[in-house]
Amino acid sequence: MPKAVFVSRTILFGDCDPAGVVYTPRFSYFSVEAIYVALDEWLGTPGLRTLMGFEILPPVRAMSMEFLMPLTWDDELSIKVSVAKLGVHSFTFLVEGFIVNGPLSFVANVTHVCVSPETKEVVAVPAQLRALLS
């Protein structure tokens, strides 16, 4: 598996709900955003565009999240992205969000499935992509 990638992010005022903590759906955005940055680094090019160049669509098939510590405006995050699993038709990323110099705040598992752009049928992970993610 490729080396984990760390992505920095500051919690913005707009990420928070009226109670002043991060609005729950924003964590999925943080996770997907960090995965795209990791793909850029691992693939050496704009990652999402490169995935499309493998003649697949990579929709998210499953996402699970665990919230361990609330985040508030101006918190600094270090988001670690690694490849958790590489299947026949899918690949899963582990996303871990840490408060900088602090505890783990959230964990996400995000699974993408490979789909043919023409037929919309599930297809195998392309060999080139498999080589890059393994």
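A quick note: this is a predicted structure, and the numbers were derived from the prediction, not measured.
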| remark: Value for OG (Ser78) from CD (Glu96), rounded to nearest 0.5 Å, stands at 10.0 Å
| request: Starting at CD1 of Ile11, measure out to CG of Leu71 and round the result to the nearest 0.5 Å. | output: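 Between atom CD1 of Ile11 and atom CG of Leu71 there are 5.0 Å.
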Is any side-chain heavy atom of [X] closer than 4.5 Å to a side-chain heavy atom of [Y]?
| X | Y | answer |
| --- | --- | --- |
| Thr10 | Asp75 | no |
| Trp42 | Leu133 | yes |
| Val95 | Ile35 | yes |
| Phe93 | His112 | yes |
| His89 | Val123 | no |
| Leu129 | Leu51 | yes |
| Val22 | Phe30 | yes |
| Cys114 | Val122 | no |

What pairs with [X] under side chain to side chain contact (heavy atoms under 4.5 Å, CB included), at least two apart in sequence or on another chain?
| X | value |
| --- | --- |
| Ser64 | Asn109 |
| Pro103 | Met69, Ile99 |
| Phe67 | Thr24, Phe27, Met65, Phe106 |
| Thr111 | Arg61, Ala62, Ser90, Thr92 |

| Atom NZ of Lys3 with >12 non-hydrogen neighbours under 6.0 angstrom |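 Result for NZ/Lys3: open.
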| Does Gln128 CD have over 12 foreign heavy atoms under 6.0 Å away? | no
| query | Is any NZ, NE, NH1 or NH2 atom of the basic residue among Glu33 and Arg9 found under 4.0 Å from an Asp or Glu carboxylate oxygen of the other? | reply | yes
| request: Over all heavy atoms of both residues, which pair between Ile56 and Pro58 is shortest? Give the atoms and the distance, please. | output: O-CD, 4.0 Å
| request: Please name the pair of heavy atoms, one in Val21 and one in Pro70, separated by the smallest distance, quoted to 0.1 Å. | output: CG1-CB, 4.4 Å
| said: Under 6.0 Å from the ring centre and within 45 degrees of the ring axis: does the NZ or CZ of Arg26 meet both conditions for the six-membered ring of Tyr29? | reply: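 Judged by the rule (NZ or CZ under 6.0 Å from the ring centre, within 45° of its axis), Arg26 counts as positioned above Tyr29.
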| task | Could you state whether Tyr36 and Phe6 fall into the same hydrophobic cluster, counting links through intermediate Ile, Leu, Val, Met, Phe, Trp or Tyr residues with side-chain heavy atoms under 4.5 angstrom apart? | result | no
| message | Side-chain heavy atoms nearer than 4.5 Å, only ILVMFWY residues, links allowed to pass through others: does that put Phe54 and Leu86 together? | response | yes
| message | Who clusters with Phe98? Use side-chain heavy atoms, under 4.5 angstrom, across I, L, V, M, F, W and Y, and order the result by chain and number. | response | Leu68, Leu94, Leu104, Val107
| ILVMFWY cluster membership beyond Val100 - transitive side-chain contacts under 4.5 angstrom |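 The other cluster members (ILVMFWY side chains, heavy atoms under 4.5 Å, direct or chained): none.
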| query | Going by atom types only, do Ser116 and Glu121 share a side-chain donor-acceptor pair under 3.5 Å? | reply | no
| request: Kindly determine whether Asp40 and Arg49 satisfy salt bridge (Lys or Arg N to Asp or Glu O under 4.0 Å), including the steps that lead there. | output: CA-CA 9 Å; Asp40 290 350; Arg49 291 189 186 277; over 6 Å; no
| said: Classify the ring geometry of Phe13 against Trp73: parallel below 30°, tilted from 30° to 60°, perpendicular beyond 60°. | reply: perpendicular
| request: Please step through side chain to side chain contact (heavy atoms under 4.5 Å, CB included) for the pair Val125 and Phe91, ending with a clear verdict. | output: CA-CA 8 Å; Val125 175; Phe91 44 96; 4.3 Å; yes
